[in-house]
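All remarks here apply to the structure that follows.
For ligands, and for the atoms within them, numbers begin at 1 and follow the listed sequence.
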Amino acid sequence: MQVRMVATTPFTDQKPGTSGLRKRVQAFRQPHYLENFVQSIFDTIAAPPGAVLVLGGDGRYYNREAIQVILRMAAANGFGRVLVGRGGILSTPAASCVIRKYQTYGGIILSASHNPGGPDGDFGIKYNTANGGPAPEKITEAIYAASKTIAQYRIADAPDDAPEIELDVLGDSRLGDMTVSVIDQVSDYAELMESLFDFAAIRAMLAQGFRIKFDAMHAVTGPYAREIFVNRLGAPADSVMNATPLPDFGGGHPDPNLTYAHELVEILYGDNAPDFGAASDGDGDRNMILGRHFFVTPSDSLAIIAANAHRVTGYQQGLAGIARSMPTSAAADRVAAALGIPCYETPTGWKFFGNLMDAGKVTLCGEESFGTGSDHIREKDGLWAVLFWLNILAARQQSVEDIVREHWARFGRNVYSRHDYEGIPSDAANGVMKLLHERFAELQACPEQGRGGAQFGRLQVKLCDDFSYADPVDGSISTGQGVRIIFTDGSRIVFRLSGTGTEGATLRIYLESYEPDVSNHHLDAQQALATLIGIALEISELRKRTGRERPTVIT
Ligand code: VG1
Ligand code: CO
């Protein structure tokens, strides 16, 4: 094996965002772009010679080419073995599962998650550490720093007789001193799921005619869903739709929400709808849960999973605690209080949950962005959440809607919505955020001047700040994680700029109010939040500054 040192110059834009480095495919295709970032990862993590790495992606366009390059770079950088999902494919939760099960040094996951794929779409890459979770900020920052000074990378030449490393046949092959092990992408993960949930009870429910529809959105979960729902649980084959992974996700946005998963939504809201519907995203870590004619918000889903965990095989021993990202509703906090366990509030992004799970402080984690998971791995996990719901449904023998309404009746309802303004000019987005910061003083109470918080109708501002987080395990501080405007009645508005987009800026507005009164629980969230929405638009001057009349996506 011939190892080459290739001279290169840094790119200035390789700063990982909320979940790895995401750019247009064209950006990744620039000469040296991918190689620079991968070498920056290897230089930062300084794996010992012979270390084992996991490698796989969501199958999007450019996945296979990138894997060929990364394998040759891993060989040149002294790795002893790389475990690759067959065809170069591993869902994000499956990659986390494999890293943990085989105790590898870490893993590289190729995905831009819910972002569109194809030659004009997005690509992404991120590094996960030995616990199976996304690298914490101190590592992603070190990778970024390395990318700014990189001068060369190491890559092995492909042998003349085998320019492509075989990815489609299970088993081992050699690349110089390194072994490439192509592993089944589904089996380890499916086995883990079977250990956590009561498959017999779910199978019995399905056999009694309970109908499910899972939308894989032409993304990575198709083969996983077929194996689990159809082969292992006995659901009819047409229970899984859009099950063939495509490099461009069939031209769609592989984002499981009411806007982008509309095909599934129409089925669940149509005549003769199934009892349960669910969808997952590009890389399989997100989930959307639907009942017949009913949508479960991700924040409620986390709370309901927590409140029902004692009914589910893998969680009967109890929960250590719950963590949710700051913009996620406080529905889970109420369950945690009732269970007498702690609830942690972290910045957006799964990387902040890892320390809490490793330290045994939390069992369940969730984000409002259709992400739910537990300490079974260190990523959010779409199919896990679907199976958790199916297990609850099998145990309770009630409809999704009845379970949610009973939950609200007991805990009250945290009415919730997120409004996304996608692809707005960065200057306008930054201007909105700056304006909000400047308004803190006028919005907040000023006891010296004998003035209370700003009043908007019956709502009064209690506090506003830019959220910062001190990790209770390692003490690291993360600042600037989102502007919060909290009212005295507990309602709140959060403004945040997305860290996963690749074009312009995406501004997210998160809206939440608490409704204890059951007679108001039937209200549509947009109706119930109308006052807060109006306040958010007023204080941010969003329409004037962005020229947008309405959000791109409402969830
Ligand atoms: C979004 C979500 C965040 C999630 C992240 C990665 O980030 O809001 O909750 O962790 O995507 O999810 P942002 O910075 O765009 O708001 V995934 O499924 O794209 O890996
Ligand atoms: Co994802």
Review point. Do any heavy atoms of Gly349 fall under 4.0 Å from ligand 1?
Key: yes

Check your understanding: Does an N or O from Leu497, backbone or side chain, lie closer than 3.5 Å to an N or O of ligand 1?
Key -> no

Study note, to complete from the structure: Within 4.0 Å of some non-hydrogen atom of Gly499, the atoms of ligand 1 are 13 (P), 14 (O), 15 (O)

Exercise for review: Using a 4.0 Å heavy-atom threshold (strictly under), name the region of Lys126 that reaches ligand 1: side chain, backbone, both or neither.
Suggested key: neither

**Study point:** Shortest heavy-atom approach to atom 8 (O) of ligand 1 - which of His114, Arg286, Lys380, Arg418
**Key:** Arg418

Exercise for review: Would you confirm whether Glu227, through its side chain, and Val186, through its main-chain N or O, come within 3.5 Å as a donor-acceptor pair?
Suggested key: no

Review point. Heavy atoms only: which of Gly17, Pro256, Ser369, Ser113 is nearest to atom 18 (O) of ligand 1?
Key: Ser113

Practice item. Kindly check if the number of other-residue, nucleotide or ligand heavy atoms within 6.0 Å of CD (Gln30) is above 12? Key: yes

Exercise for review: Within a distance under 4.0 Å of any heavy atom of Asp281, pick out the atoms of ligand 1 and give their elements.
Suggested key: 18 (O)

Revision key, fill the gap. re atom 10 (O) of ligand 1, the protein heavy-atom contact at minimum distance is Glu367 OE1, 2.7 Å

**Study point:** Residue-ligand contact Glu379/ligand 1, heavy atom below 4.0 Å
**Key:** no

Check your understanding: Is any NZ, NE, NH1 or NH2 atom of the basic residue among Asp122 and Arg22 found under 4.0 Å from an Asp or Glu carboxylate oxygen of the other?
Key -> no

Check your understanding: By number and element, which atoms of ligand 1 are closer than 4.0 Å to a non-hydrogen atom of Asp285?
Key -> 18 (O), 20 (O)

Review point. Can you list the ligand 1 atoms lying under 4.0 Å from a non-hydrogen atom of Thr18?
Key: 5 (C), 7 (O), 13 (P), 14 (O)

Exercise for review: Kindly give the heavy-atom pair with the smallest separation between Ser369 and Arg418, and that separation in Å.
Suggested key: CB-NH1, 3.5 Å

Check your understanding: Where does Thr500 meet ligand 1, judged by heavy-atom distances below 4.0 Å: at the side chain, the backbone, both, or neither?
Key -> both

Practice item. With heavy atoms only and a cut-off of under 4.0 Å, state how Thr506 meets ligand 1: side chain, backbone, both or neither. Key: neither

Review point. Between His419 and Arg508, does any side-chain donor sit less than 3.5 Å from a side-chain acceptor?
Key: no

Point to revise | Shortest non-hydrogen separation from Asp466 to Gln481 and the atoms involved | key: OD1-N, 3.3 Å

Check your understanding: Against heavy atoms of Arg496, which atoms of ligand 1 measure under 4.0 Å?
Key -> 13 (P), 14 (O), 16 (O)

Review point. Is it the case that Gln526 and Ser417 place a side-chain donor and acceptor less than 3.5 Å from each other?
Key: yes

Check your understanding: How many protein N, O or S atoms are found at a distance of less than 2.8 Å from the Co ion (ligand 2)?
Key -> 4

Check your understanding: How about Gln14 and Asn36: does a side-chain donor come under 3.5 Å of a side-chain acceptor?
Key -> no

Exercise for review: Could you verify whether a donor N or O on one side chain and an acceptor N or O on the other, from Tyr510 and Arg496, lie under 3.5 Å apart?
Suggested key: yes

Exercise for review: Report the distance from atom CG of Leu507 to atom CE of Met433, rounding to the nearest 0.5 Å.
Suggested key: 6.5 Å

Check your understanding: Any chance the side chains of Asn287 and Thr372 put a donor and an acceptor closer than 3.5 Å?
Key -> yes

Check your understanding: Side-chain donor-acceptor pair under 3.5 Å between Ser329 and Asn414, yes or no?
Key -> no

Review point. Considering only heavy atoms, does Arg22 approach ligand 1 within less than 4.0 Å through its side chain, its backbone, both, or neither?
Key: side chain

Revision key, fill the gap. Between Lys380 and the options Asp285, Asp283, Asp375, Asp281, the salt bridge (Lys or Arg N to Asp or Glu O under 4.0 Å) test singles out Asp285

Review point. Against heavy atoms of Thr348, which atoms of ligand 1 measure under 4.0 Å?
Key: 3 (C), 8 (O), 9 (O)

Review point. Which of parallel (below 30°), tilted (30 to 60°) and perpendicular (above 60°) describes Trp384 and His376?
Key: parallel

Check your understanding: Would you call the rings of Phe123 and Phe28 parallel, tilted or perpendicular, where under 30° means parallel and over 60° means perpendicular?
Key -> perpendicular

Review point. How does Ser19 reach ligand 1, if at all, at less than 4.0 Å between non-hydrogen atoms: by side chain, backbone, both, or neither?
Key: side chain

Exercise for review: Number the atoms of ligand 1 from 1 as they appear, then name those within less than 4.0 Å of a heavy atom of Arg508, with their elements.
Suggested key: 8 (O), 13 (P), 15 (O), 16 (O)

